[in-house]
Amino acid sequence: MSVVTRFAPSPTGFLHIGGARTALFNWLYARHMGGKYLLRIEDTDRKRSTPEAIDAILDGLHWLGLSPDEEPVFQFSCRDRHAEVVQQLLDQGLAYRCYCTPEELEAMREKAKAEKRSMRYDGTWRDRDPVDAPADITPVIRFKALEDGETVINDAVQGAVTIANSEMDDLIMLRADGTPTYMLSVVVDDHDMEITHVIRGDDHLTNAFRQTHIFNALGWTPPIYAHIPLIHGPDGAKLSKRHGALGVDAYRDMGYLPEAVLNYLCRLGWSHGDDEFFSLDQAISWFDIADINKGASRFDFDKLSNLNGKYIDDAPPARLIELSRHGIEETLGKPLSKIAEQRLTKGMPSLKSRSNTIPQLIENSSFYFLERPLAFDAKAKKALTGEALSHLASVRSSLGSLSEWKQENIEAAVKDYVKTADIKLGTVAQPLRAAFTGTNISPGIFEVAAILGREEALGRIDDAVARQ
RNA sequence: GACCCCAUCGUCUAGAGGCCUAGGACACCACUCUUUCACAGUGGAGACACGGGUUCGACUCCCGUUGGGGUCGCCA
């Protein structure tokens, strides 16, 4: 039987990083097994589901390259089928109507809490005669859970997990308004979509028991469950939308490359020996549920950044410029000029090893697109004082008489000057750097000068000298 | 509170009873390289939560303790 996995987010917000990893693991496993990876939008909660969230999820998945193999399934569109299944259960005596009001249920929980008991539904209407039913209340339909024995789930990640059936209460399958709940819908849809492996967050582990019971009641075979540990925030608590989790779009905006995020996510909870930096193809060939860890892990931006730096290093200049364009034009307040783009292209190879994120890259390459006169930061100003200025003026004149403006010639000229003046290279290199870039940090200045071009480079030196 | 899960350097992890003097990666600290900053390279510091078993031998198996996490919705 061919493997079918699914990612089943609820459209109540952005696609957060934990969801992204769940999608990734489902995707990887399907790819590894030569199976299918599907997407199901769990939108049965009509009050909280929004089209914006659906778009955000689709966008996020697309950005990461984790779009599903088939059109997404919208759970709510299957509601008739869900209701039909509930009716069947009702007919078989495996479900019943419950007339408790939300207030009564709340009181029930409070009481249980006060008495330090488990806060479960007490089964009030399970065996109660329907003639007692209050006429003014529309009932919900509950599943008649098993009362005795215990249930074992052989989770592909967690191993055998056992829970006493008495721990499970009669969950609601159909709301008073007639719409199906998640617990019922997942079962029906996973069955109908022929899902073979359910890879999802650990927070669903207890749900797996309820779902197994529904599968059994329906005479269906449950899928193989694989509950992956959650990703925690730096504080060690579950990362969720309401607890510091960011949408994948935020990672994109922070300048992370999708392949870096994917590579990092792979290493959170899964490993292949000591491999840290690997391609998606390698991940596909290596991925196995058996190698997923059981313990939760914490999200570490430092490591993501480091990985991102490696991917930036591997990226071609043209792509990096495209990724930077928006940010550059924002700081520039106008479109990137052709000449600046050419400079960036030439300078990119030595720029990219200095940056871990796109904003950093933009910052580090700003002197290639910023126009004269450059603003000097504090360090640059300090480098442009006293003797430095006279050195600059002298170097400027020998540079000005260069027959051909290319890196070797520039370097030779500056080094000649250094030799004649009997000073250290740094004595003139730092002021030059300040003049060319407005800062004290940059790639080699001979390269920078060459890329800037004669007119621009000499002009910047003039600007620096004229400051006094 | 009840139930369930988890537990190796600060973080992510390797480790399937002897291969472990516990390995790698990030972060950190030195040094090398060097016109600055990075990159790279070299070195350093840094962990098997604790207590009992089992075994000739436990990071690895069992039990307990402690710690952390998750779930207990007409949310998913």
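Just so we're on the same page: letters track the sequence lines, and every chain starts at 1.
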*Asks:* Can you tell me how the ring of Y256(A) sits relative to the ring of F301(A), calling it parallel under 30°, perpendicular over 60° and tilted otherwise?
*Replies:*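 Y256(A) vs F301(A) ring planes: tilted.
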
*Asks:* Heavy-atom nearest nucleotide on RNA chain B for R21(A) versus A429(A): which residue maps closer to 5'?
*Replies:*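 On the 5' side of the pair lies R21(A).
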
*Asks:* Is there a donor N/O on one and an acceptor N/O on the other, under 3.5 Å, for the side chain of R267(A) and the base of U13(B)?
*Replies:*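 Answer no: no donor N or O sits under 3.5 Å from an acceptor.
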
*Asks:* Could you tell me the Watson-Crick or G-U partner of A25(B), where both distances fall under 3.5 Å? Say none if there is no partner.
*Replies:*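 Paired with A25(B), as far as the under-3.5 Å criterion goes, is U11(B).
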
*Asks:* Between A27(B) and C12(B), how far apart are the P atoms? Round to whole Å, please.
*Replies:*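 Pairwise P distance, C12(B) against A27(B), rounds to 15 Å.
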
*Asks:* If I take atom CD in residue Q158(A) and atom C1' in nucleotide A7(B), what distance separates them, rounded to the nearest angstrom?
*Replies:*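 Interatomic distance, CD of Q158(A) to C1' of A7(B): 13 Å.
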
*Asks:* Could you give the NZ-to-C1' distance, from K424(A) to U34(B), as a whole number of Å?
*Replies:*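 Taking atom C1' of U34(B) as the reference, NZ of K424(A) is at 12 Å.
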
*Asks:* Are K294(A) and C6(B) close enough that a side-chain N or O sits under 4.0 Å from OP1 or OP2?
*Replies:*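 Yes, because at least one side-chain N or O of K294(A) sits under 4.0 Å from OP1 or OP2 of C6(B).
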
*Asks:* Suppose you measure atom P in A49(B) against the same atom in G23(B); what distance do you get, rounded to whole Å?
*Replies:*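 Here A49(B) and G23(B) have their P atoms 16 Å from each other.
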
*Asks:* Considering only heavy atoms and no angle criterion, is a donor-acceptor pair shorter than 3.5 Å present between the side chain of N207(A) and the base of A76(B)?
*Replies:*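 Checked by distance alone, the answer is yes.
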
*Asks:* Would you say N293(A) reaches A14(B)'s phosphate, i.e. side-chain N/O to OP1/OP2 under 4.0 Å?
*Replies:*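 Yes, because at least one side-chain N or O of N293(A) sits under 4.0 Å from OP1 or OP2 of A14(B).
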
*Asks:* Under 4.0 Å between a side-chain N/O of S353(A) and OP1 or OP2 of A38(B), yes or no?
*Replies:*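 False: S353(A) side-chain N/O out of range (4.0 Å or more) of A38(B) OP1/OP2.
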
*Asks:* For the side chain of I163(A), starting at C-beta, report the closest nucleotide among G69(B), C3(B), U36(B).
*Replies:*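 Nearest to the side-chain atoms of I163(A), counting from C-beta on, is C3(B).
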
*Asks:* As a test of reading the structure: which of G69(B), G24(B), A76(B) is closest to the side chain of D45(A), going by heavy atoms?
*Replies:*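 Between G69(B), G24(B), A76(B), the one nearest the side chain of D45(A) would be A76(B).
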
*Asks:* Please measure how far the C1' atom in U65(B) lies from the corresponding atom in A7(B), and state the result in whole Å.
*Replies:*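 Approximately 13 Å lies between the C1' atom of U65(B) and that of A7(B).
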
*Asks:* Rounded to the nearest Å, what distance is computed from the CG atom of residue L384(A) to the P atom of nucleotide U36(B)?
*Replies:*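 Rounded to the whole Å, the gap is 17 Å.
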
*Asks:* Establish, with yes or no, whether the OP1 or OP2 oxygen of C37(B) is under 4.0 angstrom from a side-chain nitrogen or oxygen of N440(A).
*Replies:*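 No, because none of the side-chain N or O atoms of N440(A) sits under 4.0 Å from OP1 or OP2 of C37(B).
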
*Asks:* Give one of base, sugar-phosphate or nothing for T162(A), where a contact means two heavy atoms less than 4.0 Å apart.
*Replies:*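 Sugar-phosphate: the residue T162(A), judged by heavy atoms under 4.0 Å, touches backbone atoms but no base.
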
*Asks:* Expressed in whole Å, how much space separates the P atoms belonging to G46(B) and C4(B)?
*Replies:*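 About 40 Å, rounded to a whole number of Å.
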
*Asks:* Go through C72(B), C37(B), G70(B) for me and flag the one nearest to the I441(A) side chain.
*Replies:*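 Nearest to the side-chain atoms of I441(A), counting from C-beta on, is C37(B).
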
*Asks:* Please state whether the rings of H391(A) and Y417(A) are parallel, tilted or perpendicular, taking 30° and 60° as the class boundaries.
*Replies:*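 It falls in the perpendicular class, over 60°.
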
*Asks:* From CD of E276(A) over to P of A14(B), roughly how many Å is that when rounded to an integer?
*Replies:*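 Rounded to the whole Å, the gap is 10 Å.
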
*Asks:* What nucleotide, of U13(B), G24(B), U35(B), holds the atom closest to the side chain of L425(A)?
*Replies:*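 Minimum distance to the L425(A) side chain belongs to U35(B).
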
*Asks:* Which nucleotide, C26(B), A76(B), C74(B), lies nearest any side-chain atom of A176(A)?
*Replies:*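 Among C26(B), A76(B), C74(B), the one nearest the side chain of A176(A) is C74(B).
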
*Asks:* Between Y99(A) and D313(A), just flag the one whose closest nucleotide in RNA chain B comes earlier from the 5' side.
*Replies:*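 Looking at RNA chain B, the more 5' nearest nucleotide goes with D313(A).
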
*Asks:* Searching all strands shown, indicate the nucleotide that pairs with C56(B) (Watson-Crick or G-U wobble; both distances under 3.5 Å).
*Replies:*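 Partner of C56(B): G18(B).
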
*Asks:* Can you tell me how far P in C72(B) sits from the matching atom in G41(B), rounded to whole Å?
*Replies:*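 48 Å, rounded to whole Å.
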
*Asks:* Provide, to the nearest angstrom, the distance between the CZ atom belonging to R354(A) and the P atom belonging to C39(B).
*Replies:*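 These atoms are roughly 10 Å apart.
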
*Asks:* Take atom NZ of K379(A) and atom C1' of U35(B), then tell me their distance rounded to the nearest Å.
*Replies:*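 In whole Å, U35(B) C1' lies 16 Å from K379(A) NZ.
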
*Asks:* What is the base-pairing partner of C50(B), counting Watson-Crick and G-U wobble geometry with both distances under 3.5 Å?
*Replies:*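 Result: G64(B).
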
*Asks:* OP1, OP2 of U13(B) versus side-chain N and O of S297(A): anything below 4.0 Å?
*Replies:*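 Looking at the OP1 and OP2 atoms of U13(B), one of them is under 4.0 Å from a side-chain N or O of S297(A).
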
*Asks:* For C48(B) versus C9(B), give the span between their P atoms, rounded off to a whole number of Å.
*Replies:*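 Those two atoms are separated by 7 Å.
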
*Asks:* Counting side-chain heavy atoms from CB outward, which of G70(B), C4(B), U35(B) is closest to V161(A)?
*Replies:*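 In terms of side-chain proximity for V161(A), the closest of G70(B), C4(B), U35(B) is C4(B).
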
*Asks:* Without decimals, in angstroms, what is the distance between E150(A) CD and A2(B) P?
*Replies:*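 Atom CD in E150(A) sits about 19 Å away from atom P in A2(B).
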
*Asks:* Taking the side chain as every heavy atom from C-beta outward, state whether L66(A) and L262(A) have any pair of such atoms under 4.5 Å apart.
*Replies:*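 Yes. Closest side-chain heavy atoms under 4.5 Å.
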
*Asks:* So H272(A) and W286(A), would you call those rings parallel, tilted or perpendicular, with 30° and 60° as cut-offs?
*Replies:*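 If you compare the ring of H272(A) with that of W286(A), the planes turn out parallel.
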
*Asks:* Would you call D169(A) and R210(A) a salt bridge, taking side-chain N to carboxylate O under 4.0 Å as the test?
*Replies:*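 Salt bridge: yes.
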
*Asks:* According to the Watson-Crick and G-U wobble definitions, with both distances under 3.5 Å, which nucleotide is paired to C31(B)?
*Replies:*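 Partner of C31(B): G41(B).
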
*Asks:* Can a donor-acceptor pair under 3.5 Å be found between the side-chain atoms of D202(A) and the base atoms of G70(B)?
*Replies:*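 When only heavy-atom distances are counted, D202(A) does not reach the base of G70(B) through any donor-acceptor pair under 3.5 Å.
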
*Asks:* Of all the nucleotides listed (A14(B), A76(B), C26(B)), which has the minimum atom distance to the side chain of D300(A)?
*Replies:*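 Minimum distance to the D300(A) side chain belongs to C26(B).
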
*Asks:* Check K419(A) with D422(A), please: is the shortest side-chain N to carboxylate O separation under 4.0 Å?
*Replies:*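 Looking at K419(A) together with D422(A), the answer is no, because their closest N to O distance does not fall below 4.0 Å.
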
*Asks:* Using the P atom as the point on both nucleotides, what is the distance between U55(B) and U11(B), in whole Å?
*Replies:*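 One P to the other, the span is 35 Å.
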
*Asks:* Are R319(A) and E259(A) ion-paired here, with the side-chain N under 4.0 Å from a carboxylate O?
*Replies:*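 Here R319(A) pairs with E259(A) in a salt bridge, since their nearest N and O are under 4.0 Å apart.
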
*Asks:* For R6(A), is there an ion pair with E42(A) - N to carboxylate O distance below 4.0 angstrom?
*Replies:*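 Salt bridge absent between E42(A) and R6(A).
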
*Asks:* Could you tell me whether the phosphate oxygens of A76(B), OP1 or OP2, come under 4.0 Å of any side-chain nitrogen or oxygen in T44(A)?
*Replies:*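 Indeed, a polar side-chain atom of T44(A) lies that close.
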
*Asks:* To the side chain of E167(A), which of U71(B), U11(B), C3(B) is closest?
*Replies:*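 Looking only at heavy atoms from C-beta outward on E167(A), the closest nucleotide is C3(B).
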
*Asks:* What is the distance, to the nearest angstrom, from the CZ atom on F277(A) to the P atom on C26(B)?
*Replies:*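 For the pair F277(A) CZ and C26(B) P, the rounded distance is 12 Å.
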
*Asks:* Is there a side-chain contact between L61(A) and F7(A) in this structure, where contact means two heavy atoms from C-beta onward sitting under 4.5 Å apart?
*Replies:*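 Yes. Closest side-chain heavy atoms under 4.5 Å.
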
*Asks:* Within less than 4.0 Å of OP1 or OP2 of G73(B), is there a side-chain N or O belonging to R109(A)?
*Replies:*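 Answer yes for this pair, as a side-chain N or O of R109(A) is under 4.0 Å from OP1 or OP2.
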
*Asks:* Could you please name the partner base of A2(B), counting Watson-Crick and G-U wobble pairs only when both distances are under 3.5 Å?
*Replies:*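 The base-pairing partner of A2(B), which may sit in any strand shown, is U71(B).
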
*Asks:* Output the single nucleotide from C4(B), C74(B), A76(B) whose closest atom is nearest the side chain of L205(A).
*Replies:*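 The nucleotide sitting nearest to the side chain is C4(B).
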
*Asks:* Taking the P atom in each of U32(B) and G18(B), what is the distance between them to the nearest angstrom?
*Replies:*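 These two P atoms come out 43 Å apart once rounded.
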
*Asks:* Contact class for F209(A) vs. all strands (heavy atom < 4.0 Å): base, sugar-phosphate, or nothing?
*Replies:*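 If one applies the 4.0 Å heavy-atom cut-off, F209(A) turns out to touch nothing in the nucleic acid.
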
